[in-house]
Amino acid sequence: MTEGWAGSGHPGQGACVWTPGTRNTMNLLREVLFKQQFGNQPRVPAPYYRRKTYLCYQLKQRNDLTLDRGCFRNKKQRHAEIRFIDKINSLDLNPSQSYKIICYITWSPCPNCANELVNFITRNNHLKLEIFASRLYFHWIKSFKMGLQDLQNAGISVAVMTHTEFEDCWEQFVDNQSRPFQPWDKLEQYSASIRRRLQRILTVRSQPQSRSPASPRLPRQLQPPHFYHLSSACCLPPPTPFSFLMTPPFGSLSQAFAVPSMSLLIDPFCLFASGLLCGFPDGSDSKESACNAGDLDVIPGSGRSPGEGNG
DNA sequence: ATTTTCAAT
Ligand SMILES: [Zn+2]
């Protein structure tokens, strides 16, 4: 029985499974697909294509023996991370044995998936999960940043893919024709920039009110609740940051559940800097990303129109 | 130096 990429048609549409002991029947990623989807360029190189989410995982024993590996893409609304969790759960791993799972993912997890991953790893203390993301998914939106923080607070290591991880991914998951990994232009430079951005996100800023020097970091149980768990719709990124300004009524979204406020979903500073809005009463996330321009902290829409860069 | 990103047409 060959369990290959599920889904409609071409490889890369669904999941692939590799079983130890047998021949490697896992459908490998094609080289172009790997470079297109795992590429960490800040913008998609021309000609345009859409960068989707691919998750490649390696399940390892304590002695570094790989027990399982596979690659997932989302299936409609079912994100790759959820399919990955389902897959690991289906393996019925021995709870008294410890495992390590390495994940290479093109986009970092959304808030809902981060929440599910936290629940998953909390229920499975014998698993050590390491996530390497090539790019940060909506990294300027507060709920997405909090999701990444939650991952780390739950003991899940979150890092940005470097040459080492790209190379390992190339060797483990790509139909590489036995050729060595050849990095694309400025791979390390892009990786370093994204890593700096992730560092800023994962660095818990001290609360302006609580200045107790004895408690540098609150335990997870005492941290304020987040909003993304109310509905998966909360983690849906707005099509454009200001799309809600253009839709006359808020419509079904606000009726379905109590959205605290749109300002909670978007970095206030992003809107503030855009000049469209000003005077947020809750300046919890203001001041951030004002400096460090030239990194990923640059404010979208604050400069000239995109696509009109250097010339 | 930098976004349009687990689409929907
Ligand atoms: Zn997700």
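All chains are named by letter (A, B, ...) in the order of the sequence lines, taking the proteins before the strands, and each is independently numbered beginning at 1.
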Inset, instruction - Say whether A:T162 and A:E165, considering side chains only, have a donor N or O and an acceptor N or O under 3.5 Å apart. - result: yes

Legend entry - OP1 or OP2 of B:dC6 under 4.0 Å from side-chain N/O of A:R78: no

Inset, instruction - Sorted by first residue and then second, give each salt bridge (Lys or Arg N to Asp or Glu O under 4.0 Å) pair with at least one member in residues 168-181 of chain A; sequence neighbours left out. - result: A:E31-A:R179

Inset, instruction - For A:K76 and B:dC6, give me the distance from atom NZ to atom C1', rounded to whole Å. - result: 12 Å

Inset, instruction - For B:dC6 and B:dA1, measure between their P atoms and round to the nearest Å. - result: 27 Å

Inset, instruction - Please figure out whether A:Y49 or A:Q41 has its closest DNA chain B nucleotide nearer the 5' end. - result: A:Q41

Legend entry - Nucleotide B:dT5, atom C1' - distance to NE2 of A:H79 in whole Å: 11 Å

Legend entry - A:L136 CG to B:dT4 P, straight-line distance once rounded to whole Å: 14 Å

Inset, instruction - Scan A:S134 against the nucleic acid and name what it touches under 4.0 Å (heavy atoms): base, sugar-phosphate only, or nothing. - result: nothing

Inset, instruction - Classify the side chain of A:E81 and the base of B:dC6 as holding, or not holding, a donor-acceptor pair under 3.5 Å. - result: yes

Inset, instruction - Could you tell me whether A:Q37 contacts a base, only the sugar-phosphate backbone, or nothing, with contacts defined as non-hydrogen atoms closer than 4.0 Å? - result: nothing

Inset, instruction - Consider only side-chain N and O atoms of A:N124 and A:Y99, and report whether a donor and an acceptor are under 3.5 Å apart. - result: no

Inset, instruction - Write down the distance between CH2 (A:W107) and C1' (B:dA7), rounded to a whole number of angstrom. - result: 14 Å

Inset, instruction - Side chain of A:Y190 only, please: which of B:dA1, B:dT4, B:dC6 is the nearest? - result: B:dA1

Inset, instruction - For the side chain of A:W140, starting at C-beta, report the closest nucleotide among B:dA7, B:dT4, B:dT5. - result: B:dT5

Legend entry - Ion pair check, A:K60 and A:D68, cut-off under 4.0 Å: no

Legend entry - Closest to the A:V44 side chain, choosing from B:dA1, B:dC6, B:dT5: B:dT5

Inset, instruction - Taking only the side-chain nitrogens and oxygens of A:R50, find out if one of them lies under 4.0 Å from OP1 or OP2 of B:dA8. - result: no

Inset, instruction - Could you check how far CZ of A:F84 sits from P of B:dC6, rounded to whole Å? - result: 20 Å

Legend entry - Spacing between A:F144 atom CZ and B:dC6 atom C1', to the nearest angstrom: 10 Å

Legend entry - A:R69 and A:Q172 side chains, donor-acceptor separation under 3.5 Å: yes

Legend entry - Distance in angstrom units between A:D86 CG and B:dC6 P, rounded: 20 Å

Inset, instruction - Compare side-chain N and O positions of A:N112 against OP1 and OP2 of B:dC6 and report whether any pair is under 4.0 Å apart. - result: no

Inset, instruction - Could you tell me the separation between the CD atom of A:Q77 and the P atom of B:dT5, rounded to a whole number of Å? - result: 16 Å

Legend entry - N/O (side chain, A:Y54) to phosphate O (OP1/OP2, B:dC6) under 4.0 Å: no

